[in-house]
Protein chains: 2
Amino acid sequence: MKNKITLKELAKLLNVSVSTVSKALHDSAEISPKTAERVKELAKLHNYRPNPVAVNLKSSKSGTIGVIIPNISNTFFANVLLGIEARAQKSGLQVITYISNEKLEREQQIAEMLTSGFVDGVLIAISEETQRKKEYDHLFNLVDYDIPVVLYDRINLDLQVDKIGIDDEYSLEEATRMLQARGIKKIGIATSIHHLGVGKLRITGYRNALKNENDFYIANSSKPDSLREKTQKLLVEDKVEAILCTDFVSTMMVYRLAYENKIIIPKDLKVIGFLNADVARFLTPSISYVEQFPEEIGEQAVDLLVNRIENRIGGKQPINKTINTKLIHLESTDF
Amino acid sequence: MKNKITLKELAKLLNVSVSTVSKALHDSAEISPKTAERVKELAKLHNYRPNPVAVNLKSSKSGTIGVIIPNISNTFFANVLLGIEARAQKSGLQVITYISNEKLEREQQIAEMLTSGFVDGVLIAISEETQRKKEYDHLFNLVDYDIPVVLYDRINLDLQVDKIGIDDEYSLEEATRMLQARGIKKIGIATSIHHLGVGKLRITGYRNALKNENDFYIANSSKPDSLREKTQKLLVEDKVEAILCTDFVSTMMVYRLAYENKIIIPKDLKVIGFLNADVARFLTPSISYVEQFPEEIGEQAVDLLVNRIENRIGGKQPINKTINTKLIHLESTDF
DNA sequence: CTGAAAGCGCTTACAG
DNA sequence: CTGAAAGCGCTTACAG
């Protein structure tokens with residue numbers, strides 16, 4: 001029922017001009033202390049808040065940033081969003097969320113819409129389809145419209161913009177070496193994302209740690225049935241002593257196959273997964289995993305974007321940031 | 001580099017007035033077909049898109065809706081957001097996301113901010129703390145400011161606004177009866193959310209299905225250690241034949257305790273959980289659960305809000321909607 | 001059929 | 001120290 005009060009109405013009530021009210025509320029030195037006080041008092045009384053839409057129009061800003069998320073059901077991305085929201089609030093920015101569902105077309109629609117000025121900048125983790133088809137025109141388009149873009153998490157592509165993600169290659173290399181250091185020789189890897197940038201890097205990390213081709217045991221497929229078959233072969237025929245998983249699907253597949261084949265984790269098989277703390281800790285046995293610090297990725301992504309928006313970043317050089325992952329030991333790698 | 005072209009610039013290029021351009025682009029009958037075509041052609045050429053901020057200011061709308069989410073890491077809420085985003089896109093609305101982290105204070109800050117007109121309406125699942133303290137002034141405040149509010153999921157409270165959620169009571173009553181029909185007598189329930197509205201309803205459903213006090217086996221605590229102890233008692237001492245879980249934490253606790261105590265699911269213990277499909281299906285054994293259709297809740301929440309915003313809902317009567325849950329049978333209730 | 005004017009709610013350079 | 005004026009980019013009732 002309360003109608004929002006405007007500057008104009010406030011001015012009328014006070015018998016001063018709109019300009020005076022506006023200046024008073026902004027603590028302008030031009031205004032006498034007396035007037036300033038009167039204005040502020042009445043403003044507070046009426047709970048005056050400037051209409052953000054008007055302020056934005058005046059300042060040619062939208063006061064919002066857009067976030068494109070490929071898959072919100074993935075806790076990793078949900079936690080990135082958590083970090084983004086927290087940091088954006090601090091900067092007084094609203095976060096408009098878009099979900100691409102891993103579809104190129106949807107991503108293009110969103111990017112197209114964003115060129116009309118809904119947001120001051122965009123954070124994006126590109127969709128799987130976009131990566132596969134290497135179709136980046138819609139992103140270039142955003143850049144052309146002078147809308148700052150920051151890529152997060154899925155950063156293994158050639159776009160001249162700021163990027164923040166984890167060191168995927170190193171994270172799995174480190175995990176593999178840890179297993180080797182414990183005397184494990186036969187180490188396999190299961191992946192359902194070998195066709196994606198992050199997947200490739202993680203597999204490369206695994207390969208780096210192993211000396212030669214003969215040591216590789218790789219089960220890779222984006223199709224569940226095929227992944228199941230290949231992983232089963234690794235576990236049952238090749239009898240790997242440990243297995244690394246590059247993603248949620250392959251991790252769960254390994255657990256499922258171990259269960260079905262009565263392979264006891266960690267006695268018969270050590271497992272290192274790539275998933276979120278909530279799931280990893282609650283599984284039985286709990287599963288050692290690579291912590292990616294999604295919230296921090298979100299926070300730093302906003303920082304990069306804000307700097308770009310406010311033009312605080314020197315020059316035009318894109319910045320590349322990497323967050324260090326951490327191997328968390330839980331029951332699945334007990335020795 | 002491309003600077004966004006404005007109506008004014010378009011008008012100058014065409015040697016007509018701004019009004020004419022605007023009308024032409026809106027297919028006004030006032031404009032001659034010739035002019036209309038000229039205008040549209042140039043607009044397309046320059047990829048003209050009206051500045052949404054200006055349009056909003058003119059129409060006293062923001063073109064956005066706010067969504068307050070208590071906990072985005074919870075896949076349930078993530079999927080609600082998925083439904084919200086999809087439906088909002090269809091209605092041409094932008095979704096601004098806020099995360100309360102289950103904190104009253106944060107929720108109040110958000111509500112306070114929203115009164116200044118960032119959004120045309122708000123979807124909110126109130127935080128745990130808000131529910132506990134029954135502190136709803138900030139929500140009343142939104143309503144006072146004529147900002148439509150729709151409550152989703154956590155709807156067991158006395159606020160005269162539209163609501164959408166699931167029938168929590170019936171869902172667990174049905175689950176309990178299903179177990180009874182299979183000849184199971186000793187049925188327990190584990191819950192970490194008995195202090196919340198949804199938790200209470202779910203427990204009531206369980207009680208409804210059982211005849212008398214003697215049949216109740218309840219492990220309830222919001223503290224992990226205490227919940228663990230109580231649940232352990234149910235499983236090991238009371239030796240319940242089946243256990244219902246009202247939430248993610250209690251579900252995982254049951255799995256963990258079964259694992260530790262070498263209780264085999266489903267041979268020794270049937271389990272019905274309350275969690276998301278992704279997790280339920282991937283566990284070993286997979287866990288029967290109550291499907292809550294979060295996406296649909298999100299979609300319908302937007303529908304309710306849009307109707308309210310456009311004043312299409314007859315009268316002022318708040319609408320209460322309920323989505324039917326569905327019991328999904330997986331391995332943990334194999335007979 | 002076209003355009004000048006007013007106005008959405010602000011901010012700010014400028015005049016007094 | 002205060003206010004009138006211009007303007008952010010649009011829409012629309014009104015005049016011609």
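Chain letters run A, B, ... following the sequence lines, proteins first and then strands; every chain starts at 1.
Residue-level contact check: A:Val18 touches the bases, meaning some heavy atom is under 4.0 Å from a base atom. Backbone-only engagement by A:Thr35 is indicated by non-hydrogen atom pairs under 4.0 Å involving sugar-phosphate atoms exclusively. Residue-level contact check: A:Thr6 touches the backbone only, with heavy atoms under 4.0 Å from sugar-phosphate atoms and none from bases. As judged by a 4.0 angstrom heavy-atom cut-off over every strand, B:Pro52 is placed among residues making no nucleic acid contact.
B:Asn141 contributes no side-chain N or O that, together with a main-chain N or O of B:Asp137, makes up a donor-acceptor pair within less than 3.5 Å. Looking at A:Asp120, its side chain does come within 3.5 Å of a backbone N or O of A:Ser62 through a donor-acceptor pair. Of the possible donor and acceptor atoms, one in the side chain of A:Lys163 sits under 3.5 Å from a partner among the backbone N and O of A:Leu157. Although no hydrogens or angles enter the test, the distance criterion places no donor-acceptor pair under 3.5 Å between the side chain of B:Ser22 and the main chain of B:Ser19.
Just one of A:Arg308, A:Arg87, A:Lys321 meets the salt bridge (Lys or Arg N to Asp or Glu O under 4.0 Å) condition when paired with A:Asp303; it is A:Arg87.
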Base-pairing string, 5' to 3', of DNA chain D - Watson-Crick or wobble, under 3.5 Å, | interstrand: |||.||||||||.|||
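Each of B:Lys8 and A:Asn15 lies near DNA chain D, and the nucleotide nearest A:Asn15 is the one positioned closer to the 5' end. Comparing A:Leu57 and B:Ala36 against DNA chain C, the residue whose closest nucleotide sits nearer the 5' end is B:Ala36.
Sorted by residue number, the members of residues 20-32 of chain B with any non-hydrogen atom under 4.0 Å from DNA chain C read B:Thr20, B:Lys23, B:Glu30, B:Ile31, B:Ser32.
Rounding to the nearest 0.5 angstrom, the gap separating the OG1 atom in B:Thr6 from the NZ atom in B:Lys12 is 9.0 Å.
Screening residues 42-66 of chain B for salt bridge (charged side-chain N to carboxylate O under 4.0 Å, His left out), with sequence neighbours left out, gives A:Glu112-B:Arg49.
Atom name P, nucleotides C:dT2 and D:dG9: the rounded distance is 25 Å, in whole Å. Nucleotides C:dC1 and D:dC10, compared at atom P, are 25 Å apart to the nearest Å.
Scored by the side-chain contact (heavy atoms from CB on, under 4.5 Å) test, A:Lys90 finds no partners at all (sequence neighbours excluded). With sequence neighbours excluded, no residue forms a side-chain contact (heavy atoms from CB on, under 4.5 Å) with B:Ala86.
Put simply, chain B comes within 4.0 Å of DNA chain D, heavy atom to any atom, from D:dC8 to D:dC14, going 5' to 3'.
Judged purely by distance below 3.5 Å, without hydrogens or angles, the side chains of B:Tyr145 and A:Asn47 pair a donor atom with an acceptor atom. A side-chain donor-acceptor contact under 3.5 Å links A:Glu107 and A:Thr130.
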